[in-house]
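Take a look at the structure set out below.
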Amino acid sequence: MKRIFILALDGTPFTFLKKAVDRGLMPNFAALVKQSDFRQMDSVLPPVSSAAWASFMTGKFPSRHGIFGFVDRTPETLEWFVPLSNHLQGQTLWEYLSQHGKRVFVMNVPLTYPPRKVNGISICGFLGSDILKGTYPPEIGKILKARGYQIDVDTEAAKRDLISFIRQLHSVLDKRIETMRHFWRQEKWDFFMTHIMETDRLHHFLWEYMENNHPEYAPLFFDFYQKIDCMIAEIIQTIPDDMELLLLSDHGFTTLKKEVCINRWLWEKGLLRFTKSNPQTLADMHPESSAYSLYPGRIYINLQGREKNGVVKPGVDYEQTRQRIKQILFELRDPENRQPVVKDVLFSEQLSGQSKQKRQIFSAGNVNGINLSGNSKRLNSTPDMIALGHYGYDLKGNLWRENLFEKTVFNGTHTFDDAFILMRNKLLPDKRLSIAHIASIILSALEVPIPDDMETVC
Ligand SMILES: [Zn+2]
């Protein structure tokens with residue numbers, strides 16, 4: 001019977017791993033690379049963990065699964081909310097495999113809270129707040145709590161004391177590895193997946209130190225990857241040779257040059273106005289505003305008929321507003337070196353994939369945000385446009401900041417085109433891959449039929 005083991009390293013870049021292999025820093029991973037297909041891979045737009053893992057688990061791009069970030073808004077009320085697994089449109093890979101009689105174990109993948117029913121065990125990841133409510137079946141939560149298992153590290157700790165934060169990262173990872181061992185031994189799983197969030201956390205606070213070879217923090221950064229390398233060695237020794245082994249990340253990382261407040265830029269250009277100084281919520285947006293932004297780089301037009309108090313008319317007015325915003329985003333320059341901040345701007349209709357069902361949906365409806373037939377709920381979360389920053393510019397979604405550009409405690413930020421994928425036994429398709437393609441590759445490795453609405457690479 002075909003089986004697969006997946007190790008996910010959140011935010012680990014292909015180029016970083018390649019360097020680590022070339023410099024002999026990860027000998028076990030290097031040995032694995034020699035017998036595997038190891039590639040650079042694209043994330044999704046925007047390249048954030050909840051959107052990218054939602055694409056991994058559904059085999060769909062965000063415009064079809066509806067998850068674009070850690071925050072979303074209801075257009076009719078302009079209230080913010082945090083999208084969770086119950087906002088995800090479509091079935092997950094592990095639900096689908098469950099239906100095909102496979103035994104699945106999935107631990108710590110972002111956006112798996114609240115847990116969905118599977119033929120096996122599901123343990124929630126990031127955005128889950130309570131492990132006692134975060135597992136299927138529910139009694140697993142009690143076992144994990146008793147073992148001292150944690151969903152995530154306290155990132156606030158990094159702002160107070162970096163050394164104690166790194167210590168915590170190790171202890172959260174140690175418990176995760178112990179838990180992986182515990183459940184691996186329980187039975188012969190068909191699909192077994194462990195997700196490591198700690199790499200992303202490490203990168204957000206230490207990436208620049210690693211790149212600049214900081215005397216104190218760079219060695220601690222590499223120590224952490226040595227532990228990951230030992231974990232990889234253990235996995236290779238434990239799983240049978242005929243079990244497929246897949247490693248991947250959901251996006252890359254780079255040194256954060258500056259955070260950029262996109263709403264502040266829209267405000268400076270007269271496209272966004274507020275009813276008070278220091279606005280706190282979207283309710284403080286002036287009705288005559290043309291657009292607003294959510295993290296990272298998502299832009300929503302204040303569209304009549306969709307948004308509360310929408311003033312931009314569908315059709316010509318809408319298109320002209322998008323073109324105007326695209327132009328002003330490309331005008332945005334770093335005041336220090338005059339370098340452009342925005343690398344690319346995509347409109348909603350450019351954010352789609354290739355699956356059969358998607359082609360049918362998009363040919364049936366219009367794409368300007370109102371009448372896409374079949375699923376208005378999904379479309380409401382699709383931004384009218386997404387800006388992708390040049391490496392190092394983090395396009396923040398704060399409604400208001402005193403400064404357009406800021407440098408804060410974060411020193412690493414995500415990249416779109418530098419995720420990785422590694423597959424041990426099989427060759428990957430000979431094409432640039434996106435994380436949205438991986439579900440169909442997994443199903444094909446497991447010899448399970450690929451549903452029509454899933455992205456494929458043919
Ligand atoms: Zn991150």
Side-chain angles (χ1 to χ4, degrees), residues 7-17 41-57 62 67-72 82-84 108-113 124-129 150-159 162 165-166 168-169 172-173 176 194-211 217 221 224-225 228 248-260 262 294-298 386-398 406-420 434-435:
L7 176 65
L9 301 176
D10 204 290
T12 300
F14 171 81
T15 48
F16 168 79
L17 287 174
M41 178 173 79
D42 288 338
S43 183
V44 292
L45 285 171
V48 283
S49 297
S50 58
W53 290 114
S55 286
F56 169 81
M57 69 179 84
I67 306 295
F68 283 89
F70 305 125
V71 68
D72 207 330
V82 177
L84 298 172
N108 201 45
V109 178
L111 213 88
T112 49
Y113 180 90
C124 76
F126 175 52
L127 295 170
S129 45
Q150 273 179 265
I151 299 170
D152 201 356
V153 70
D154 171 20
T155 48
E156 288 301 305
K159 298 173 187 172
L162 217 41
F165 169 72
I166 295 167
Q168 276 191 48
L169 275 179
V172 173
L173 177 60
R176 193 107 55 224
T194 295
H195 173 274
I196 304 300
M197 195 71 203
E198 292 69 68
T199 38
D200 175 89
R201 304 310 188 218
L202 177 81
H203 300 170
H204 275 294
F205 295 99
L206 278 95
W207 190 267
E208 186 175 13
Y209 297 135
M210 181 276 291
E211 287 215 310
Y217 299 132
F221 188 102
F224 199 81
Y225 268 94
I228 299 283
L248 83 162
S249 64
D250 57 330
H251 53 77
F253 249 89
T254 189
T255 291
L256 196 159
K257 291 175 184 157
K258 286 189 182 81
E259 295 179 3
V260 189
I262 295 298
L294 297 182
Y295 184 75
R298 280 179 283 163
I386 294 184
L388 179 67
H390 278 287
Y391 266 36
Y393 293 101
D394 193 7
L395 309 183
K396 302 303 278 188
N398 309 62
E406 270 181 38
K407 180 93 185 174
T408 66
V409 64
F410 295 104
N411 75 30
T413 188
H414 298 188
T415 59
F416 167 74
D417 57 0
D418 198 17
F420 82 94
S434 154
I435 193 168

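All ligand and atom numbering here is 1-based and tracks the order in the structure.
Excluding waters, the protein N/O/S atoms found under 2.8 Å from the Zn ion (ligand 1) are Asp200 OD1, Asp200 OD2, His204 NE2, His414 NE2.
Taking the ring axis of Phe224 as reference, the NZ or CZ atom of Arg201 does not stay both within 45° of it and closer than 6.0 Å to the ring centre.
Take Ser249 and apply the side-chain hydrogen bond (donor to acceptor under 3.5 Å, both in side chains) test, not counting sequence neighbours, and it matches no residue. Contacts of Tyr391 classified as side-chain hydrogen bond (donor to acceptor under 3.5 Å, both in side chains), with partners at least two apart in sequence or in another chain: Asp417. Looking at residues two or more places apart in sequence or on another chain, you find no salt bridge (charged side-chain N to carboxylate O under 4.0 Å, His left out) involving Arg298.
Side-chain rings of His251 and Phe416 stay apart, their centers remaining 6.0 Å or farther from each other.
Ring planes of Phe70 and Phe126: perpendicular class, angle over 60° (limits at 30 and 60°).
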